[in-house]
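All remarks here apply to the structure that follows.
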Amino acid sequence: MPTPAVDASHPTIRQRMTSLYYGRGKAAVRFQFAMMVIDLAIIGFFLAGPYLRNRPSYIVIDYAIALWMALELAAQWSASTSTRRWMAKPITWLDIFVFCTLLFPQWLFNFAFLRVVRIWAVAQRPIFRLMLKRIGLREQTDVVKAFLNFIVFLFLVTGFVYSFFFYYEDSGSGFIDALYFTVATVTTTGFGDVTLPGTFGKLTSVITMIIGISLFVRLAQAIVRPHKVTFPCPQCGLNRHDTDAVHCKACGHILNIPDEGA
């Protein structure tokens with residue numbers, strides 16, 4: 001039985017969602033950027049939680065964000081080519097977890113800070129390089145990605161420490177104390193004036209130091225090392241070369257690195 005022809009001029013909802021989430025056109029870039037802005041707004045709601053949680057507006061905003069996340073999860077599922085593959089993604093379960101915490105704000109902590117992981121996920125996609133190219137930061141791609149990795153980790157740890165150790169303290173200083181502790185721990189400064197109590201607090205500090213200092217060093221390396229282009233050598237597979245390279249340093253094979261010219 002022949003397959004029915006698909007009218008390319010009238011794409012289905014799934015095709016539209018796929019092109020927006022995974023495409024590389026202007027509409028996809030704008031859509032991804034808008035999603036990043038919304039994610040930042042949700043993170044802002046998490047930061048404003050201590051100031052709003054005793055007001056009626058807190059529940060209204062909370063459930064409005066929960067509704068948005070439900071619609072977004074449905075859109076992500078629609079954009080996926082396989083439900084099983086979509087469910088196997090850790091970020092899908094992360095979004096579902098955040099959605100559940102928003103449904104029960106009186107019993108569960110506000111874990112909206114986990115939405116910062118979505119910004120990291122966007123930075124791993126090819127479309128992120130296209131975004132940087134269009135704003136003139138193509139040569140700084142490695143630096144920007146290393147900086148984002150460091151900032152995402154910094155905010156994740158700060159949000160985690162804030163939620164479990166400082167959430168019910170003074171709303172004006174709780175998050176600042178969490179951020180201060182995280183920065184002091186990641187940089188191994190260790191002033192000792194703000195510490196996390198108990199065994200759980202010590203384990204949190206150890207993990208923060210081990211991962212944080214690694215990302216900090218990676219950021220420093222990305223800043224000081226010369227810029228290189230990503231282009232797999234057809235002969236040996238070496239992936240990074242000088243911008244003006246003609247031959248591969250590893251095997252001497254002639255390269256044909258695309259160049260937009262001066």
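Just so you know, these numbers use all the heavy atoms, side chains as well, and skip hydrogens, waters and symmetry mates. As the structure is a computational prediction, the values presented were derived from the model and not from experiment.
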Residue pair F164 / T204, side-chain heavy-atom distance below 4.5 Å: no
Rounded distance [0.5 Å steps], CH2 in W68 versus CG in L71: 7.5 Å
Only counting residues at least two apart or in another chain, list the ones meeting side-chain contact (heavy atoms from CB on, under 4.5 Å) with R85. T81, S82
Report whether V98 and V60 are members of the same hydrophobic cluster (ILVMFWY, side-chain heavy atoms less than 4.5 Å apart, transitive linking). no
ring-ring contact (aromatic ring centres under 6.0 Å, His included) involving F97 - partner list, sequence neighbours excluded: F111
With a 4.5 Å heavy-atom cut-off, do W86 and L73 have their side chains touching? yes
Distance check, rounded to the nearest 0.5 Å: N149 atom CG versus R218 atom CZ? 8.0 Å
Using the test side-chain hydrogen bond (donor to acceptor under 3.5 Å, both in side chains), find all partners of S19 that sit at least two apart in sequence or belong to another chain. none
Go through the structure and list residues passing side-chain hydrogen bond (donor to acceptor under 3.5 Å, both in side chains) with Y180, not counting sequence neighbours. D193
For V37, the hydrophobic cluster (side chain heavy atoms closer than 4.5 Å, chained through members) also holds F33
Hits for side-chain contact (heavy atoms from CB on, under 4.5 Å) against Y63, two or more places apart or cross-chain, chain-then-number order -> I59, L103, P105
The side-chain contact (heavy atoms from CB on, under 4.5 Å) partners of A79 (sequence neighbours excluded) come to M17, T18, Y21, Y22
For W93, enumerate each residue passing the side-chain hydrogen bond (donor to acceptor under 3.5 Å, both in side chains) test, keeping only those at least two apart in sequence or located in another chain. none
Can you get from F45 to F104 by hopping between Ile, Leu, Val, Met, Phe, Trp and Tyr side chains that sit under 4.5 Å apart? yes
Applying ring-ring contact (aromatic ring centres under 6.0 Å, His included) to F160 and F165, what does each step give before you reach the verdict? CA-CA 8 Å; F160 179 83; F165 295 96; 7.1 Å; no
Below 4.5 Å, heavy atoms only, C-beta onward: do F153 and V157 meet side chain to side chain? yes
Do M69 and L102 have side chains that get closer than 4.5 Å, going by heavy atoms? yes
Residues V186, T208; criterion side-chain contact (heavy atoms from CB on, under 4.5 Å); working and verdict: CA-CA 6 Å; V186 167; T208 301; 3.7 Å; yes
Hey, does W77 have a side-chain heavy atom less than 4.5 Å from the side chain of T92? no
Using the rule that Ile, Leu, Val, Met, Phe, Trp and Tyr join whenever any side-chain heavy atoms are under 4.5 Å apart, tell me whether V161 and I207 fall into a single cluster. yes
Holding to ring-ring contact (aromatic ring centres under 6.0 Å, His included), I want the full list of residues that pass it with F150, two or more places apart in sequence or in another chain. F216
Do I96 and L67 land in one hydrophobic cluster if side-chain heavy atoms of ILVMFWY residues count as linked below 4.5 Å? no
Side-chain donor or acceptor of T185 paired with backbone N/O of F181 under 3.5 Å: yes
Would you compute the distance between atom OG of S205 and atom CD1 of I210 and round it to the nearest 0.5 angstrom? 11.0 Å
Cluster question for you: counting only ILVMFWY and a side-chain heavy-atom cut-off of under 4.5 Å, with indirect links fine, are I151 and M35 together? yes
Pairing residues for T158 by the side-chain contact (heavy atoms from CB on, under 4.5 Å) criterion, not counting sequence neighbours: F175, A178, L179, T182
Are more than 12 heavy atoms, taken from residues, nucleotides or ligands other than F147, located less than 6.0 Å from that residue's CZ atom? no
Partners of T199 by side-chain hydrogen bond (donor to acceptor under 3.5 Å, both in side chains), sequence neighbours excluded? none
List in chain and number order the residues that pass ring-ring contact (aromatic ring centres under 6.0 Å, His included) with F99, two or more places apart in sequence or in another chain; answer none if no residue qualifies. none
Q76 vs D95 side-chain heavy atoms within contact, under 4.5 Å: yes
